[in-house]
Structure formats: C-alpha cells, structure tokens
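I have placed the structure first, in the form of structure tokens, so that the comments after it can refer back to it.
Heavy-atom basis, side chains included; hydrogens, waters and symmetry copies ignored. In listed order, ligands and their atoms are each counted from 1. In this text, all values refer to a predicted model and were calculated from it rather than measured experimentally.
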Amino acid sequence: MRRGKGDPAIAAVMGVLCVASAVLVVAGAKGGELTTQLLNGFTATHAAGAAAAFEPLLYATNGVFAFGFLRVGTASLDLAVVHLPSSFPLWRATPARLGDWSRPATLTFDSSLVLTDEDDDVLWRTLDTIGDVVVLLNSSNLVLRRYSKPVPAWQSFHNPSDTLVLDQNFTASSPPLISSNRRFAFRLGKTYMALHMEFNGGRTTPIYWQHTALEAQPQNATEPPVYGRLDGRGFFGLYLEGGGQKVDVLSFDTFVQNLTGVFRRMTLDDDGNLRAYYWTDGAKGWISDYRAIAERCELPASCGAYGLCVPGTAQCQCLDNTTTSTSPQCHAGETADLCATDGRQQLDFDVVRRKQVSVAYKEELPPETNRTAEECEAACAGNCSCWGAVYNGASGYCYLMDFPVETLVYEADDRKVGYFKVRKVPSPKRARMSPGVAAATAVLSLILAGLAAAGAYSGYRLWERRRRKRAGMEQELVPGPYKDLKTMGSSNSSF
Ligand SMILES: *[C@@H]1O[C@H](CO)[C@@H](O)[C@H](O)[C@H]1NC(C)=O
Ligand SMILES: *[C@@H]1O[C@H](CO)[C@@H](O)[C@H](O)[C@H]1NC(C)=O
Ligand SMILES: *[C@@H]1O[C@H](CO)[C@@H](O)[C@H](O)[C@H]1NC(C)=O
Ligand SMILES: *[C@@H]1O[C@H](CO)[C@@H](O)[C@H](O)[C@H]1NC(C)=O
Ligand SMILES: *[C@@H]1O[C@H](CO)[C@@H](O)[C@H](O)[C@H]1NC(C)=O
Ligand SMILES: *[C@@H]1O[C@H](CO)[C@@H](O)[C@H](O)[C@H]1NC(C)=O
C-alpha cells in the first residue's frame with residue numbers, strides 16, 4: 001500500500017506554523033504540550049512550501065490522532081485527520097478544489113471551520129454549523145459542537161472520505177466512501193452494500209461488487225434500512241436502523257484470534273478493492289485481514305482501459321492485441337459516452353472484436369437473454385450510450401456495457417466473444433462520419449428498432465434481475481471454466 005507506508009517527513013511533526021496562541025487551550029498531556037481543543041477565534045496559517053508533509057493543529061487526548069494541514073501528492077494541500085503512528089490520513093476534507101502547498105492557506109474557527117487560500121477564497125468549510133469548540137476524539141472523530149448540546153453540530157464520522165474506522169456508523173444517508181483517486185465508490189442501499197465505478201463525475205456508476213445483508217428482507221417495505229459498522233472484534237456488521245438488530249457479519253481473517261487493542265480501518269483503495277486493515281503497537285505497517293474482491297482479475301480496472309486480465313498469472317494484455325501491457329494503458333480511458341450533443345447521432349468510433357473474453361462482474365450487469373452474437377453486437381453498435389457487448393454463445397446471454405470499457409477477463413472459451421468501441425480521435429481529415437460508417441449505423445439502427453426488445457426491455461431486465469437475486473439463482477445457465485478458476489484461485493494470495 002502506497003499510502004500505508006510511513007512518511008518520514010510526518011515524523012517531524014512540528015511544521016512551521018504561525019498560530020494565534022492566545023486562543024489555544026494547551027493540555028499538559030504526556031511528555032509535551034498538545035493542543036486538544038480549538039476555540040472560537042482560532043486561526044492557523046500554513047506557510048508556503050512547508051517542509052513537513054503534515055502540520056498538526058489539534059490532537060486527540062490519546063495522542064494517536066491529529067488534525068491539520070496535509071500535503072497531498074507533491075503540491076496539493078488538504079485538511080486531514082492523520083493516524084500518527086502510520087501517517088495514514090483516516091479522514092480528508094477533500095474540497096472540490098485542493099489548496100496549493102506552495103502557497104499560504106489559513107484555517108479559522110469562528111462558529112464553523114473554514115479553509116481559505118491566500119486570496120481569501122474559501123476552499124472548504126463546515127456548512128451550516130454553529131459551534132463553540134472543535135475537538136478530536138480518541139476514536140479519531142473530529143467533532144464541532146456547542147457547549148450546551150451533547151450532539152455534535154458537525155462530525156467527520158458523518159462525512160467520510162475513503163476510510164471507515166472503528167465504531168463509525170456508515171448509513172445509506174452517509175456520503176459514499178470515494179477512493180482517493182475518485183474512480184470508485186462504496187455505497188449502502190436499503191439492504192445491501194455495493195462497490196461502484198464512477199464515470200462522468202458520478203453520473204454513470206455501474207456496480208462491480210454487491211453484498212446483500214443475509215437476514216435483511218428486501219421485499220419487506222416496512223423494514224428499516226441497514227447501516228454498517230466496523231467492529232473491534234474483527235468484523236464489519238450490518239444492522240437495522242432503529243433497533244440495531246444485526247442482520248449480517250463480514251468477518252475478517254483475525255476474527256477468530258480475538259485480537260485486543262488493535263486499531264482497525266476499512267478503506268476503499270485506489271484499485272477499487274474494499275479492504276480492512278489493523279494496526280498493532282510497534283507494527284511496521286498496516287496488516288490487511290479482509291478484502292471484498294479476492295482475485296486481481298475480478299477488479300474492474302486491474303489492467304486499465306481496454307485491458308484484458310488473464311486469471312492465475314494475473315497478467316495483463318490488451319483487448320486489441322496490438323499493444324502490450326508495458327505502456328500504461330491500451331487505449332485512453334473514457335468518462336462520458338459516444339452520444340453527439342445534437343441528438344441521437346453517434347460520434348465516430350473504431351471497433352475491436354475479441355474472442356475468449358468475459359466480464360468479471362457480470363452478476364451486476366442485467367443480461368439480455370436468447371440472443372445471437374449478431375443481435376448482441378447490433379444492440380450495442382446502434383446505441384451511443386453502449387461501449388461494449390460481451391456475448392456467451394453457450395448460454396445466449398448478452399451483456400451490454402453502458403459505461404466506458406475497462407478491464408475484461410480472459411476465458412479459454414471460443415464461445416465467449418466481445419465487441420468494443422474505441423473513440424476515434426478526431427482529426428481534421430475525418431472529422432465527420434465516413435459514409436460507410438453512417439450507412440452501417442443506419443442499418444444497425446433499423447435492426448435495433450426491429451428488435452421487439454427495445455423499449456420495454458429495460459424495465460423487464462430490472463424486474464428480472466431482482467427476481468433472480470431474490471431466488472438466489474446462479475447467474476449463468478451454463479457453468480463456464482471461469483467459475484472453476486474462481487474457486488481454484490488461491491483465496492489468500494495478496495496483491
Ligand atoms: C482518551 O485517551 C486518553 C489516553 O488514553 C485518556 O486519558 C482519556 O480519558 C480518553 N478520553 C476519553 C473521552 O475517553
Ligand atoms: C452508531 O449507531 C449506534 C446505534 O444507532 C449508536 O448507539 C452510536 O452512538 C452511533 N455511533 C456514533 C459514533 O454516532
Ligand atoms: C417487516 O419488517 C418489520 C420491521 O422489521 C417487521 O416487524 C415485520 O414483521 C416484517 N414483515 C414481514 C412480513 O416479514
Ligand atoms: C476475547 O478477549 C477478551 C478480552 O481479553 C476476553 O474477555 C474474552 O473472553 C475473549 N474471548 C474469547 C472467545 O477468547
Ligand atoms: C428464443 O428465440 C427463438 C428464435 O427467435 C424463439 O423461437 C424462442 O421461442 C425463444 N426462446 C425464448 C425462451 O424466448
Ligand atoms: C441505449 O442503451 C441505454 C442503456 O443501456 C438504454 O437505456 C436505452 O434504452 C438504449 N437506447 C436504445 C434506443 O435502445
């Protein structure tokens with residue numbers, strides 16, 4: 001884990017800070033004077049280009065966590081709650097526009113916390129809050145509250161970034177966890193939790209992993225929604241809101257060991273996997289004891305856009321065979337679709353066809369059944385929001401991808417075929433659609449219109465998907481070699 005490693009720069013915690021000392025409450029805590037609360041009127045300034053990567057402003061009384069200015073990457077500035085022994089940021093403010101580390105920035109507390117840059121532009125603030133004091137709890141929860149009210153006006157536990165910690169409630173109304181590269185999200189539904197890819201600024205969010213609470217009843221409308229919480233005993237529990245009845249437990253590898261006194265976190269990592277980690281005193285790094293997705297090839301983007309992951313060796317190829325995995329990506333990644341702004345027309349694209357491909361997360365894609373390979377391809381070709389179609393000749397299932405093509409999985413079965421669109425980089429010569437492509441598109445549109453499936457089908461697909469989920473039916477009628485590989489793959493290989 002890149003971020004799990006200790007950053008030596010943070011060890012030198014005394015950054016160059018210009019602090020208005022009059023408003024600080026200093027506690028004579030163990031071995032030094034640590035600021036444990038911020039009062040109204042507090043101001044701290046980040047000095048341009050400070051040497052330390054983290055400048056703490058506020059400590060938890062247990063001395064394990066601190067809140068302050070964090071350098072992100074080489075040159076950006078954010079506010080963060082950091083686990084000091086590991087230098088890991090458990091929470092980040094993550095403003096839409098990050099600050100610039102090489103320029104001054106100011107944090108003030110005056111009823112609300114406000115981060116401003118040197119031009120006094122607000123980068124981040126706690127919205128609609130009135131507080132008397134800001135403290136960092138021993139749990140790492142950053143809390144802003146009034147003296148007269150026990151319930152915080154604002155707390156970082158209700159605004160997670162990519163990480164949950166012990167005893168932090170994660171609810172359907174919480175903002176999702178977003179990986180720090182902002183490509184993946186972890187959300188709760190009423191009775192399930194799911195991992196999503198994030199395209200087009202979060203407007204297209206296909207699911208690639210889902211877990212339904214074992215004892216929740218999705219069909220019971222009066223049952224309250226579930227929420228999740230990381231438990232110190234080594235599991236992630238799902239409970240019903242209100243009563244708190246436990247409806248599922250995802251137990252970690254250390255659950256049986258009854259580890260005591262370890263600090264745990266659950267993080268949506270940049271590769272799209274959701275992992276749990278724990279930290280013991282004197283440890284050199286975080287140890288992972290749970291991951292949602294066991295095999296690298298099942299991650300949705302393990303080989304990048306238009307990549308092909310070969311299970312077993314977890315080796316990467318390119319869908320079009322032309323390039324090798326040595327370059328960072330086979331083709332440029334996409335975020336939007338191929339729909340022209342003026343209407344139904346489709347932007348120019350090239351086609352890549354490939355045998356022996358499949359989608360790792362096809363359980364999450366509603367299939368169209370009883371299709372031929374040609375019908376499957378035509379359904380995608382004529383639809384500007386479709387980027388690819390994967391067809392299983394054994395089952396007749398057709399999976400349409402209405403999101404940009406990321407990594408596919410190799411399967412040694414010639415009946416599994418894929419059709420993928422690659423955006424044509426517009427060049428002055430071929431700015432408009434060539435007559436051939438236009439004609440082909442028109443023909444395909446006709447074919448598509450002819451398919452009785454077109455309109456009402458998506459509603460049916462949704463219904464069918466729910467029905468299958470309820471019935472707990474196996475996804476594919478014909479078990480393929482991929483399922484076998486899944487069970488054969490070593491479940492404790494770490495990547
Ligand atoms: C936080 O931890 C410190 C040191 O372990 C302890 O003295 C203090 O009482 C704790 N605070 C709370 C509110 O539990
Ligand atoms: C989490 O939810 C439980 C049950 O509703 C509640 O008792 C607990 O105080 C909550 N924890 C936090 C940190 O809000
Ligand atoms: C639906 O959920 C409510 C609340 O949990 C419960 O009281 C009720 O018995 C459930 N109904 C059915 C049909 O299971
Ligand atoms: C786990 O540890 C706690 C505290 O040390 C102890 O009270 C409990 O009995 C242990 N449970 C098991 C199953 O070993
Ligand atoms: C599948 O398609 C064929 C030919 O289009 C049709 O005869 C058959 O009834 C269809 N089967 C199902 C289950 O829809
Ligand atoms: C194109 O695909 C999208 C997403 O799958 C679907 O909602 C839409 O109905 C399709 N359009 C046509 C004309 O089939």
Side-chain angles (χ1 to χ4, degrees), residues 81 90-91 135-145 150-160 164-174 188 190-191 199-200 203-207 213 215-232 236-247 336-340 343-346 364-368 371 375-390 398-405 421 441-442 444-462 465 470:
V81 171
L90 298 169
W91 175 83
V135 291
L136 186 56
L137 303 181
N138 283 351
S139 59
S140 85
N141 195 3
L142 181 69
V143 160
L144 190 154
R145 68 168 171 241
V151 178
W154 181 91
Q155 52 183 313
S156 62
F157 270 20
H158 286 178
N159 299 273
L164 298 172
V165 299
L166 286 177
D167 298 329
Q168 178 174 2
N169 293 328
F170 185 57
T171 70
S173 54
S174 304
L188 271 191
K190 189 174 178 246
T191 59
F199 294 111
N200 207 359
R203 279 185 287 275
T204 306
T205 60
I207 291 179
E215 289 166 36
Q217 300 166 307
Q219 68 280 12
N220 183 345
T222 64
E223 190 177 76
V226 298
Y227 67 94
R229 190 170 61 228
L230 189 57
D231 192 291
F236 189 71
L238 290 172
Y239 310 85
L240 295 184
E241 269 178 27
Q245 181 199 337
K246 196 188 282 177
V247 285
D337 54 30
L338 282 166
C339 301
R344 290 282 160 89
Q345 266 214 341
Q346 200 162 188
E364 312 306 335
L365 296 178
E368 311 211 338
R371 291 293 177 90
E375 286 168 342
C376 184
E377 184 175 315
C380 183
N383 190 329
C384 66
S385 62
C386 182
W387 277 102
V390 172
C398 167
Y399 303 94
L400 297 179
M401 297 191 279
D402 56 353
F403 52 87
V405 177
K421 298 177 184 174
T441 308
L444 288 168
S445 303
L446 280 174
I447 293 172
L448 190 67
L451 291 172
Y457 205 79
S458 65
Y460 167 77
R461 265 165 33 191
L462 258 177
R465 183 175 168 194
R470 269 206 301 280

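Across all their heavy atoms, Gln168 and Ser156 have their closest contact at NE2-O, 4.2 Å. Here the closest heavy-atom approach between residue Pro224 and residue Leu240 is recorded as O-CD2, 3.6 Å. Cys380 and Ala389 make their closest contact through CB-CB, 3.8 Å (heavy atoms, listed as atom of the first residue, atom of the second, distance). When all heavy atoms of Gln217 and Glu223 are compared, the pair lying nearest together is N-OE1, 2.9 Å.
Taken to the nearest 0.5 Å, the CD atom of Gln219 stands 9.0 Å off from the OG1 atom of Thr191. Interatomic distance, Asp337 CG to Asn200 CG, rounded to the nearest 0.5 Å: 7.0 Å. Leu90 CG to Leu142 CG: the interatomic distance, rounded to the nearest 0.5 Å, is 11.5 Å.
Interface atoms of ligand 3 facing Glu223, defined by a heavy-atom separation under 4.0 Å, are 2 (O), 5 (O). Close contacts of ligand 2 with Arg229, meaning ligand atoms under 4.0 Å from a residue heavy atom, involve 1 (C), 2 (O), 3 (C). Against a heavy-atom cut-off of under 4.0 Å, Ser385 is close to the following atoms of ligand 6: 1 (C), 2 (O), 3 (C), 4 (C). Heavy-atom contacts of Gln217 reach the following atoms of ligand 3: 14 (O) (cutoff under 4.0 Å). Distances below 4.0 Å separate heavy atoms of Thr222 from the following atoms of ligand 3: 1 (C), 2 (O), 3 (C).
For atom 11 (N) of ligand 2, the candidate residues are Thr171, Val151, Asn169; the nearest heavy-atom contact is made by Asn169. For atom 4 (C) of ligand 2, the nearest non-hydrogen atom from the set Tyr227, Tyr239, Phe170 belongs to Tyr227.
Protein heavy atoms are absent from the space less than 4.0 angstrom from atom 7 (O) of ligand 2. For atom 2 (O) of ligand 3, a protein heavy-atom neighbour is present inside the 4.0 Å cut-off.
Residue contact check for ligand 2: Gln168 places no non-hydrogen atom closer than 4.0 Å to it.
The protein atom (non-hydrogen) at minimum distance from atom 13 (C) of ligand 2 is Asp167 O, 3.7 Å. Among protein heavy atoms, atom 10 (C) of ligand 3 sits closest to Asn220 ND2, 2.3 Å.
By the criterion of a heavy-atom distance under 4.0 Å, neither the backbone nor the side chain of Asn141 is placed next to ligand 2.
Here the side chains of Asp167 and Arg229 are in contact, with some heavy-atom distance below 4.5 Å.
Using cut-offs of 30° and 60° on the angle between ring planes, the pair Trp91 and Trp154 is perpendicular.
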